[in-house]
A.B. asks: 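Let me give you the structure first, and then I'll get to my questions.
Only this structure's heavy atoms are used, side chains among them; waters, hydrogens and symmetry mates stay out. So that the names make sense, note that chain A is the first sequence line, chain B the second, and so on, each numbered from 1.
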Protein chains: 2
Amino acid sequence: MRTVDPAKHAAKRATIVDAAAGCFAEKGFERTTTADICRAAGISSGSLFHYFPNKRAMFTAIFTDDAAETAGRLETAAKADDQWEALLDVVTELAGQVAHPAVVRLVLEAAAQAARDDEFAELIRRNDGALRDGLAVLVERAADAGLIDPGVTARAAAGWVAGLIDAMILRASLDPDLDLPAEQAVLRTILVRFLRPVSPPDGA
Amino acid sequence: MRTVDPAKHAAKRATIVDAAAGCFAEKGFERTTTADICRAAGISSGSLFHYFPNKRAMFTAIFTDDAAETAGRLETAAKADDQWEALLDVVTELAGQVAHPAVVRLVLEAAAQAARDDEFAELIRRNDGALRDGLAVLVERAADAGLIDPGVTARAAAGWVAGLIDAMILRASLDPDLDLPAEQAVLRTILVRFLRPVSPPDGA
DNA sequence: GTCTATAGACGGATAGAC
DNA sequence: GTCTATCCGTCTATAGAC
């Protein structure tokens, strides 16, 4: 057997990705130096470039890793009994991430980078597409149960639900004193009025 | 009399701001070089730094200029007869800006920069605050005319109306083939359901 | 002669990659 | 730690308006 321990390799890789994410969130992609990442991860420059071919790869790794996490969340939600409640829960959880300033900054940085890096934009679009698809499934199933206004298509609804989560992220970035629970309540109100039937079968 | 012609100075300054905006939209703030801006504006480095003390000032100028424009829009809307229609019109106009990819990119770049430049963040927050204030005025007046659900406060509503515009911008950045008129129609639907009284006095 | 506007070269610093 | 490349912003010099 070679001296390569896959688990150890993965762990070290994760350490670097974490350190890099912290740096990118704090200073942005361009202004983060590879030396910064070395310092944050406690490793040498030589070691860093053994795990990643260049700075850009460290950045993209953050978002490929995150996509897997979101996919898991959506999968769990799809198994719930009440798909409408599951939808609200997923939105609340995703919107709740704005409590972490680093997440907000990484999203903004990703959006800015995607605007001028086609390959990276493709990755971000894939992630967003997967999110919208997952949300559309929840909407469609809730609609089958009569919990959604038939006048709204699942795809259009999913797109704007994702948009509302994005809006929450931008609001959080603009207002450091954002009252998260209050905003989530308004977000919930918007979702209910936007999506639920005008005369709901139950009183939610 | 000094040899300063204010009109000529302002015109050249505007030329530089335009050129810089194009560069920043295309390459981002960090990756845009002052040489890029010189090339785009057709001037020399010496001339460029005669008009602006540094690169950052060229960036901020874009957004101070834009704030004045938005303020004018809001002022005009406040004079309209039907404040509800005026609100919808302003939102449609602002959301319609996403038809220009450069605008979308500049907004994203501004958001990313604001995350790590406190002084610039202050400027962006001021602009956003002014927008929200202007929208709140429209909402409040529409409410006085009985056109808004009394259960929604003007401030909270204005915040989320601004948020919906932001959402449109982010959607546009993710989807280059966005069907703008269709999305604007959905946006309108969300606004109506979110804000209008459950039993509206007229049939809008 | 004083001020504005412009040009263009260059210094010092710093980055990524290995 | 090195090597190469690049960038910002300063600095000097020149032209013209008053």
A.B. asks: How close or far is atom C1' of C:dA5 from atom CZ of B:F52, stated in whole angstroms?
C.D. replies: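 To the nearest whole Å, that distance equals 15 Å.
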
A.B. asks: Does B:D118 have more than 12 heavy atoms from other residues, nucleotides or ligands lying within 6.0 Å of its CG?
C.D. replies: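 Atom CG in B:D118 is not crowded, with 12 or fewer foreign heavy atoms closer than 6.0 Å.
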
A.B. asks: To check you understand the geometry: which heavy-atom pair defines the closest contact between B:R13 and B:A61, and what is its length?
C.D. replies: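 Taking every non-hydrogen atom into account, NH2-CB, 3.6 Å.
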
A.B. asks: So which of A:V90, A:V107, A:L94 actually passes side chain to side chain contact (heavy atoms under 4.5 Å, CB included) with A:I165?
C.D. replies: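 Output: one option passes, namely A:L94.
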
A.B. asks: Using whole Å, what does the distance between atom P of nucleotide C:dC3 and atom NE2 of B:H9 come to?
C.D. replies: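 That distance rounds to 16 Å.
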
A.B. asks: Under 4.0 Å between any heavy atoms, over every strand shown, what does B:P53 touch: base, sugar-phosphate, or nothing? Just pick one.
C.D. replies: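 The answer is nothing, as B:P53 stays clear of every strand by at least 4.0 Å.
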
A.B. asks: What is the distance from CE of A:M58 to C1' of C:dA17, rounded to the nearest Å?
C.D. replies: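 Result: 10 Å.
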
A.B. asks: Which whole-number value in Å describes the distance from B:L48 CG to C:dA9 P?
C.D. replies: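 About 16 Å, once rounded to whole Å.
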
A.B. asks: Consider the side chain of A:K55, meaning its heavy atoms from C-beta on, and name the nucleotide among C:dG16, C:dA7, D:dT10 that approaches it most closely.
C.D. replies: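 In terms of side-chain proximity for A:K55, the closest of C:dG16, C:dA7, D:dT10 is C:dG16.
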
A.B. asks: Rounded to the Å, how far apart are B:F29 CZ and D:dC8 C1'?
C.D. replies: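 Going from CZ in B:F29 over to C1' in D:dC8 covers 11 Å.
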
A.B. asks: Can you figure out which of C:dT6, C:dA5, C:dG8 approaches the side chain of B:S47 most closely?
C.D. replies: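 Among C:dT6, C:dA5, C:dG8, the one nearest the side chain of B:S47 is C:dT6.
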
A.B. asks: Can you tell me if CG on A:D144 sees more than 12 non-hydrogen neighbours from other groups inside 6.0 Å?
C.D. replies: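 Above 12, so yes.
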
A.B. asks: Among the nucleotides D:dG9, C:dA17, C:dT4, which one has an atom lying closest to any side-chain atom of B:H50?
C.D. replies: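 For B:H50, the side-chain atoms sit closest to C:dT4.
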
A.B. asks: Can you find a donor-acceptor N/O pair under 3.5 angstrom joining the side chain of B:T33 to the base of D:dT6?
C.D. replies: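 For B:T33, whose side chain was compared with the base of D:dT6, there is no donor-acceptor pair (under 3.5 Å).
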
A.B. asks: With a 4.0 Å cutoff (strictly under), does any side-chain N or O of B:Y51 reach OP1 or OP2 of C:dT4?
C.D. replies: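 False: B:Y51 side-chain N/O out of range (4.0 Å or more) of C:dT4 OP1/OP2.
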
A.B. asks: Side-chain N or O of B:K8 versus OP1/OP2 of C:dA5: is the shortest distance under 4.0 Å?
C.D. replies: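 Looking at the OP1 and OP2 atoms of C:dA5, neither is under 4.0 Å from any side-chain N or O of B:K8.
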
A.B. asks: Taking CG from A:N54 and P from C:dA17, how many angstroms apart are they, rounded to a whole number?
C.D. replies: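 After rounding, the gap between these two atoms is 5 Å.
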
A.B. asks: Taking any heavy-atom pair under 4.0 Å as a contact, classify B:T32: base, sugar-phosphate, or nothing.
C.D. replies: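 Answer is sugar-phosphate: B:T32 comes under 4.0 Å of backbone atoms only.
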
A.B. asks: Without decimals, in angstroms, what is the distance between B:R13 CZ and C:dT6 P?
C.D. replies: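 For the pair B:R13 CZ and C:dT6 P, the rounded distance is 14 Å.
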
A.B. asks: Just compare C:dT6, C:dA17, D:dG9 and give me whichever is closest to any side-chain atom of A:F49.
C.D. replies: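 Among the listed nucleotides, the one closest to the side chain of A:F49 is C:dA17.
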
A.B. asks: Tell me, yes or no, whether the heavy-atom count around B:E140 atom CD, taken from other residues, nucleotides or ligands under 6.0 Å, exceeds 12.
C.D. replies: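 No, because the 6.0 Å sphere around CD of B:E140 holds 12 heavy atoms or fewer from other groups.
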
A.B. asks: By nearest atom, which of the nucleotides C:dA7, C:dG16, D:dG9 is closest to the B:I43 side chain?
C.D. replies: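 Shortest atom-to-atom distance from the side chain points to C:dA7.
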
A.B. asks: Roughly how many Å is it from CD in B:E30 to P in D:dT6, rounded to a whole number?
C.D. replies: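 Whole-Å distance recorded here is 18 Å.
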
A.B. asks: Of all the nucleotides listed (C:dA17, D:dC8, C:dT6), which has the minimum atom distance to the side chain of B:T34?
C.D. replies: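 Minimum distance to the B:T34 side chain belongs to D:dC8.
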
